Amino acid sequence: MMPSESEWPIMEVIWESSMPLTSSAVIHKLQGKLNMTPKMIRVLMNRLCQKGLLSYTLDEKDARVYHYSAMKSKEECLKIKSKRFADSFFSGNQTNAIASLIQSIALTDEEISELEEILEKSKRKKK
């Protein structure tokens with residue numbers, strides 16, 4: 001399972017945190033960034049739990065307070081999302097997907113070097 005587009009910002013907040021967060025903390029961090037009510041954010045967090053993307057523990061002092069953490073890393077979700085993108089728009093051809101993205105933006109020398117390193121790592125994995 002993957003986070004939907006509306007669930008993704010919630011996951012971003014959870015991934016950026018070094019510790020589990022309450023729904024109130026997530027709502028606070030998303031304030032002004034999303035056009036969503038606190039109730040809707042809580043509904044989406046519940047969906048993320050049902051999808052197995054978030055887990056929670058009960059607060060030791062107050063059983064009404066849940067502390068949420070990610071069950072899947074951002075990297076795992078991005079890999080799946082990238083593959084789905086290539087499958088949807090490029091008939092599964094990842095080379096064409098990458099080429100299209102690279103050709104559509106101006107890259108700095110630093111970004112080109114970073115991409116070259118990624119390609120080298122990919123070559124070494126295949127050996």
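These numbers were taken from a predicted model, which means no experiment stands behind them. Every heavy atom of this structure was used, including side-chain atoms; hydrogens, water molecules and symmetry mates were not.
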Who are the salt bridge (charged side-chain N to carboxylate O under 4.0 Å, His left out) partners of K81, not counting sequence neighbours?
E5
Indicate every side-chain donor-acceptor pair of residues 36-45 with a distance under 3.5 Å to a residue at least two apart or in another chain.
residue, atom, partner, partner atom, Å
T37, OG1, M40, N, 3.1
R42, NE, S23, OG, 3.3

Salt bridge (charged side-chain N to carboxylate O under 4.0 Å, His left out) partners for D109, two or more places apart
none
Pairing residues for E117 by the salt bridge (charged side-chain N to carboxylate O under 4.0 Å, His left out) criterion, not counting sequence neighbours
none
Name the atoms and distances for all side-chain donor-acceptor pairs under 3.5 Å in residues 27-35, with sequence neighbours left out.
none

Pairwise salt bridge (charged side-chain N to carboxylate O under 4.0 Å, His left out) hits with a residue in residues 84-94, at least two apart:
K83-D87
What residues, two or more places apart in sequence or in another chain, satisfy salt bridge (charged side-chain N to carboxylate O under 4.0 Å, His left out) together with D59?
none
Determine whether more than 12 heavy atoms belonging to other residues, nucleotides or ligands lie under 6.0 Å from atom CD of E114.
no
Tell me whether the count of non-hydrogen atoms from other residues, nucleotides or ligands lying under 6.0 Å of CZ in F90 goes above 12.
yes
Give the table of side-chain donor-acceptor pairs shorter than 3.5 Å for residues 46-54, with sequence neighbours excluded, one pair per line with atom names and distance.
residue, atom, partner, partner atom, Å
K51, NZ, M2, O, 3.0
K51, NZ, E7, OE1, 2.7

I'd like to know whether CZ of F89 has more than 12 heavy-atom contacts from other residues, nucleotides or ligands below 6.0 angstrom.
no
Output side-chain donor-acceptor pairs under 3.5 Å for residues 94-107, partner residues at least two apart or in another chain, one line each.
residue, atom, partner, partner atom, Å
S104, OG, S100, O, 3.4
S104, OG, L101, O, 2.8

Which pairs would a plain distance check flag for residues 9-22, meaning a side-chain donor or acceptor within less than 3.5 Å of a matching protein atom at least two apart in sequence or in another chain?
residue, atom, partner, partner atom, Å
E12, OE1, K74, NZ, 3.0
E12, OE2, W8, NE1, 2.9
E12, OE2, K74, NZ, 3.3
W15, NE1, K72, O, 2.9
S17, OG, M19, N, 3.1
S17, OG, M19, O, 2.6
T22, OG1, A25, N, 3.1

Salt bridge (charged side-chain N to carboxylate O under 4.0 Å, His left out) contacts touching residues 91-106 (sequence neighbours left out)
none
State plainly whether the residues E76 and K79 are in salt-bridge range, i.e. N to O under 4.0 Å.
no
I'd like to know whether Y68 forms a side chain to side chain contact (heavy atoms under 4.5 Å, CB included) with V26, so could you lay out the CA-CA distance, the side-chain angles of the two residues, the decisive distance to 0.1 Å, and finally the verdict.
CA-CA 9 Å; Y68 295 90; V26 172; 5.8 Å; no
S69: side-chain hydrogen bond (donor to acceptor under 3.5 Å, both in side chains) partners, not counting sequence neighbours
S55
